[in-house]
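Just below is one structure, and these are the notes that go with it.
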Amino acid sequence: MKYIFLALILLGFSRGFAQSETSGREIYRATPQMKTQLKHTKLKVSFNFENQTLDGEEWLTASPFFYESDSLILDAKAMIIHEVKMENKPLAYLYKDDFLRIKLDKIYRKGENYTVYIKYTAQPEKVTNKGSQAINDAKGLYFINPKGELPDVPTQVWTQGETESSSCWFPTLDKPNQKTTQEIYMTVPDKFVTLSNGILKSSEKKTNNLRTDYWVMDKPHAPYLFFMGVGDFAVVKDAPWRGKIPVDYYVEKEYEKVAKQIFGHTAEMIEFFSKRFGYDFPWQKYAQMVVRDFVAGAMENTTAVSHGESAHQTSDVLADNNYWEAVIAHEMGHHWFGNLVTTESWSNLTINESFANYSEYLWYEYKYGKDAADYHLAKSVNQYHHRPGDFVKDLVRFGYDDKEDMFDLVSYNKGGGILHMLRDYLGDEAFFQGITDFLNTHEFGTGEAHQLRISFEKISGKDLNWFFNQWFFGNGNPEVRVEKSYDASAKQIHLKIVQRQEGAGFFEFPLEVDVYQNGKYERHQVWVKARKENEFVFSAEKSPNLVNINPRGVILMKEDSYKNAEEYAFQYQHAKDFKSRSQAIGFADYKQDNQILLMAIKDPYFQLRIEALNALAGQKLTSKALSEIEKIAKNDPKNLAKSAAMWTLAATKSKKYLPIFEKSLSIHSASVKNAALNGIATTDAKRAKRFLEYSNPEDFTSDQLVSLASVIVDNKMEKYLESVLPNFVYYPFLQQDSPERAKTFEKGYLWAMQLDNTKLVEAVAESLKQIAPYSEKNSEGNKLIINILDKALSVKKTLKNSPSVQQQINLLEEVKALF
């Protein structure tokens, strides 16, 4: 090692450091300079399950990008480098601070390829990098139960490369603007199956019950998209897309029978996105693997998507709704936006994540209709609106503190809403042709927001600088106050739009205004200019029934309420767009206006029926209203709406509905069973107690036990405590929507803390650690969590002092520090 280090000092790396950045800018995250261009990556790897390490050999083919060079500098985190050679001749190298600096055998020029051999050991447990809100760890390579010591936990190995964690298991240029083809030889115990990018070319038995699988990816993609998965999976093969592209699902064997229910729309999605984007799916296969303890929701590894175990769902849950379907569509969308065309830099993450987010909308619109798509988008955008700190962030931003900060609700949720506005402004034909042009122009390369703008301008002929400047390169959104009046003498409606947002400039945007007279509307198109006040005048023979701005909810903005109860009732009855109906229901929920809510329980879209039913729960209702809700509980075609109706009936605490609850226990539906159990617990607690006494925790799902929480807590049924306790940590988020249940959760939590039981405290701590990355400092939710932790600590400190109690106190204080 001394010889190698001295050689590097004497020989220098002058060529490798030429043309460095000299601008002097301090807070500017520049696109990584392309000194070297990756071409091909060949790996041979095996796994040491005992040590949780990987033994690897790599043949890396590259060339100088433009300037001649005699060196290669690679990202290689927490590794042991055993050997670096070229054509069997040792090369001088220095490995320090997670960089492998290699002195090449000569000066290479642009277009002149070379191949370097590296023998190494990857040590993921020694990686010190941290994760982000979206990806909560960054060690790249993960061993799950590697020694098989944990009961009911499978042994698995899997990788997670985004953002720059592939370099934790193989040396590479770990930047999104690099592209490389790959081949991987994976040697694993013969009892396991493997998955990687591309196609399995061969599988060869070895001695000692080992096997080597050879995977080949012949199209270039970014290093962060490399993937390996190893474990005891059931491989469910679906019908190939267009009869030739394999579609496979890797699931735990328990879920083999429902794998096609979870992922069965995959081939249809591939066909839909191929047509919608005007660019056929470009990859060799589409496989999806569900892994344990995943560090994100899912990851779009090219042709080998990984999903967290939340993707696993029972048949009862799937009978209600496949809640993972949006995630499946999201990762699918990435195979065009992120994998085919990759963000040039993390600053331009919108190229990846905004399009993947909007792919969810496109799928729902195609498969389930516009109401379903608008509902999904509204929920997504509202999440952005409810994080005030995101208001000040540009969509494209070069001044972030850490690249992980880009994975937020601006890049995802707001970005999807922005694309929806752009689509509406350009029209479908121009928007989707612009997408096709962008994909064709930058295929197997990288892209940034300006290039996206150019493609849309090229197709539409419209200048879009104004749109991109305020929505892609600016922050915030309009927050408007609406003032309206009717001039009877002039027969005119005067409408004033006042922008009142702080921390952002004024916006310009097209705005739809629906004016209703005699139950019919005329839709006016106006242009709001970038100034504080805009005033518009419309002709009207008489005072309108309703003036409704942004009726379809296209513009990503917040509006102050400017309508009275009568107008909102009229709006619900006459406005057909989802946003307008939902807005009226929201007003009715806030004001407890049963007139609107009782109309809305018959809404054609089941999620709006559910919103109305939830708003009615706990209110004093007429027998006629309860009769209508009872009909929904019995006959609604959607299980989730049936369930919501049953929760509303249960809130009356009337035993009249007990037969409905008992009969519903036999329905093939998780939500209906949960609601039925809650109904029994609420209306006949003694019966529910007997029900629990003759049962065991394993007879129920976690959600079902939550429905019975009040009975469990009130009767201190300790055998259920360990199973139900982790859910209690969510009580702060129920304070507004379900204060009674929140009170039960708090009571149960404090009861558990009276017990000297370290296992229970560990369960609570683990649940809170899952919440912590998504919480905001000093938010109401955080304050409530801290408050209950303080109460728990007070309870613990009254117990007899012992090593176990002290350990529990330490755990609670450790978790409290996260909030």
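None of these values were measured; they are calculated from a predicted model. All values below were derived from every heavy atom in this structure, side-chain atoms included, with hydrogens, water molecules and symmetry-related copies excluded.
- Cation-pi geometry between Lys414 and Tyr412 is not met: the NZ or CZ atom fails to fall both under 6.0 Å from the ring centre and inside 45° of the normal.
- Ring geometry, Trp283 versus His335: the interplanar angle exceeds 60°, so the pair is classed perpendicular (tilted spans 30 to 60°).
- Cation-pi geometry between Lys44 and Tyr185 is met: under 6.0 angstrom from the ring centre, within 45 degrees of the axis.
- Below 30°, between 30° and 60°, or above 60°: for Trp158 and Tyr142 the angle between ring planes is below 30°, a parallel geometry.
- Remark: the backbone N or O of Asn348 is paired with a side-chain donor or acceptor of Thr343 at under 3.5 angstrom.
- Taking the charged nitrogens against the carboxylate oxygens, Glu162 and Lys403 have no contact shorter than 4.0 Å, which rules out a salt bridge.
- With respect to the salt-bridge test (charged N to carboxylate O, under 4.0 angstrom), the residues Arg211 and Asp213 qualify.
- By the neighbour-count criterion of 12 heavy atoms within 6.0 Å, atom CZ of Phe66 is sparsely surrounded, having that number or fewer from other residues, nucleotides or ligands.
- Using a 4.0 Å cut-off between charged side-chain N and carboxylate O, Lys77 and Asp98 make no salt bridge.
- In this structure, Asp248 does not pair ionically with Lys285, as no charged nitrogen and carboxylate oxygen lie closer than 4.0 Å.
- A salt bridge links Asp390 with Arg387: the closest approach of a Lys/Arg side-chain nitrogen to an acidic carboxylate oxygen falls below 4.0 angstrom.
- Under a 4.0 Å N-O distance rule, the pair Lys85/Glu83 qualifies as a salt bridge.
- Asp70 and Lys103 are joined by a salt bridge, as a carboxylate oxygen and a charged side-chain nitrogen come within less than 4.0 angstrom of each other.
- Ionic pairing of Glu58 and Lys42 is not present here: no N-O contact between side-chain nitrogen and carboxylate oxygen is shorter than 4.0 angstrom.
- Ion pairing between Lys206 and Glu204 holds under the 4.0 Å rule for side-chain N and carboxylate O.
- Ring geometry for Phe355 against Phe438 counts as parallel: the plane angle stays under 30°, on a 0 to 90° scale with 60° as the upper cut.
- Note that CD of Gln123 and OG1 of Thr121 are 7.0 Å apart. Values are rounded to the nearest 0.5 Å.
- Ionic pairing of Glu344 and Lys175 is not present here: no N-O contact between side-chain nitrogen and carboxylate oxygen is shorter than 4.0 angstrom.
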For this session: Apply the test side chain to side chain donor-acceptor pair (under 3.5 Å) to residues Asn209 and Lys191: give CA-CA distance (whole Å), side-chain angles for both, the deciding distance (0.1 Å), then the verdict.
Result: CA-CA 8 Å; Asn209 294 316; Lys191 63 182 178 180; over 6 Å; no
